[in-house]
Amino acid sequence: MKISVHAVGRMKAGPEKQLADRYFERFAKSGPAVGLEFAGVQEIAEGRAQNAAGRRREEGQKLQALLQQGAALFLLDERGKNLPSEDFAARIGAMRDTGRKSVVIAIGGADGHEPALRDQAELVISFGALTWPHQLVRVMLGEQLYRVATILSGHPYHRA
């Protein structure tokens with residue numbers, strides 16, 4: 001199953017980008033052993049509308065245009081479910097095992113996600129109630145995807 005990341009905004013060079021890239025690379029190398037393929041990060045520019053609703057709408061339309069038929073959509077949102085890593089891994093493993101072809105995990109812009117996307121998403125995930133900078137969210141997502149692969153493979157990286 002292919003897993004891709006959709007992100008609003010560009011990641012600038014620096015330590016956050018290096019760390020995010022390191023975890024995404026680890027996931028890309030460890031994922032195939034458990035049937036997961038990293039399809040990369042698709043960045044889009046932030047919306048240019050004059051208000052938050054317009055920016056969310058523009059960004060949501062760009063995401064919709066990239067979604068393939070049958071792809072599962074996961075959104076990262078502070079109002080989402082705060083899942084333990086084991087549950088996140090189990091959900092991805094179950095989708096893989098039922099024959100899903102792809103999952104898109106979307107990091108929204110500064111104004112969040114369009115409500116229609118939240119309704120369409122199969123899972124809305126939170127990395128906690130705190131608000132995180134987008135650069136750190138990418139690092140945390142990369143690490144969690146690597147952790148998913150290690151959990152599904154029984155590797156000792158994840159210790160509870």
### Query
Between L36 and Y157, is there a shared hydrophobic cluster once you connect ILVMFWY residues whose side-chain heavy atoms come closer than 4.5 Å?
yes
### Message
Taking D87 first and then R91, would you say they form a salt bridge - that is, a charged N and a carboxylate O separated by under 4.0 Å?
### Response
no
### Query
Does the side chain to side chain contact (heavy atoms under 4.5 Å, CB included) test come out yes or no for M11 and E43, once each step is laid out?
CA-CA 8 Å; M11 188 83 153; E43 294 180 330; 3.5 Å; yes
### Message
Distance check, rounded to the nearest 0.5 Å: E37 atom CD versus S4 atom OG?
### Response
10.0 Å
### Message
To the closest 0.5 Å, what do you measure between CD (Q120) and CG (L63)?
### Response
7.5 Å
### Common cluster, L75/L141, ILVMFWY with side-chain heavy-atom separation under 4.5 Å
no
### Task
Find out whether M140 and L76 are in side-chain contact, i.e. whether some heavy atom of one side chain is under 4.5 Å from a heavy atom of the other.
no
### Message
So, taking the atom named CE in M95 and the one named CZ in R100, what distance separates them when rounded to the nearest 0.5 Å?
### Response
4.0 Å
### Task
Check whether I151 and F127 end up in the same hydrophobic cluster, where Ile, Leu, Val, Met, Phe, Trp and Tyr are linked by side-chain heavy atoms less than 4.5 Å apart.
no
### Euclidean distance, R10 CZ relative to K17 NZ, rounded to 0.5 Å
11.0 Å
### Query
Taking only residues two or more places apart in sequence or in another chain, which ones pass side chain to side chain contact (heavy atoms under 4.5 Å, CB included) with A90?
none
### Message
Does any part of the side chain of V148, heavy atoms only, come nearer than 4.5 Å to the side chain of F88, both counted from C-beta?
### Response
yes
### Task
Grab the two heavy atoms, one from L130 and one from W132, that are nearest each other, plus how far apart they are.
O-CD1, 3.5 Å
### Summary
To the nearest 0.5 Å, atom CD1 of I92 lies from atom CG of D97 at 12.0 Å
### Query
According to a 4.5 Å side-chain heavy-atom criterion applied to Ile, Leu, Val, Met, Phe, Trp and Tyr, with indirect links allowed, do L19 and I107 form part of one hydrophobic cluster?
yes
#### Entry: H113 side chain to R118 backbone, donor-acceptor under 3.5 Å
no
### Message
I want to check something: taking the side chain as every heavy atom from C-beta on, are Q64 and L117 in contact at a cut-off of under 4.5 Å?
### Response
yes
### Task
Measure across G128 and N82 and return the closest heavy-atom pair with its distance rounded to 0.1 Å.
CA-ND2, 4.1 Å
### Query
Between A106 and L73, what is the shortest heavy-atom contact and its length?
CB-CD1, 4.3 Å
### Message
For F24 and F38, take the angle between the two ring planes, folded into 0 to 90°, and tell me which bin it lands in: parallel under 30, tilted 30 to 60, perpendicular over 60.
### Response
parallel
### Query
Is there side-chain contact between Q68 and K101, with heavy atoms separated by less than 4.5 Å?
no
### Task
Check the hydrophobic clustering (I, L, V, M, F, W, Y; side-chain heavy atoms under 4.5 Å; chains of links allowed) and say if L83 and F27 are grouped together.
yes
#### Entry: Min side-chain heavy-atom separation V103-L123 under 4.5 Å
no
### Query
How many angstroms lie between OG in S102 and CD1 in I3, if you round to the nearest 0.5 Å?
9.5 Å
### Task
With side chain to side chain contact (heavy atoms under 4.5 Å, CB included) as the test, would you mind laying out the steps for E46 and H134 before giving the verdict?
CA-CA 12 Å; E46 294 178 19; H134 287 81; over 6 Å; no
### Task
Determine the minimum heavy-atom distance between H6 and L66, stating which atoms define it.
CD2-CD1, 3.6 Å
## Note on the structure
Taking every heavy atom of G9 against every heavy atom of R138, the minimum-distance pair comes out as O-NH2, 2.8 Å
#### Entry: For S30 against A149, the heavy-atom pair lying closest together
OG-CB, 3.5 Å
### Query
Does any pair with a residue in residues 51-62 pass salt bridge (charged side-chain N to carboxylate O under 4.0 Å, His left out), and if so which ones, sequence neighbours excluded?
R55-D111
### Message
Is a donor from one side chain sitting under 3.5 angstrom from an acceptor on the other, for E78 and T131?
### Response
yes
### Query
Would you say I125 and K81 make side-chain contact, with heavy atoms under 4.5 Å?
no
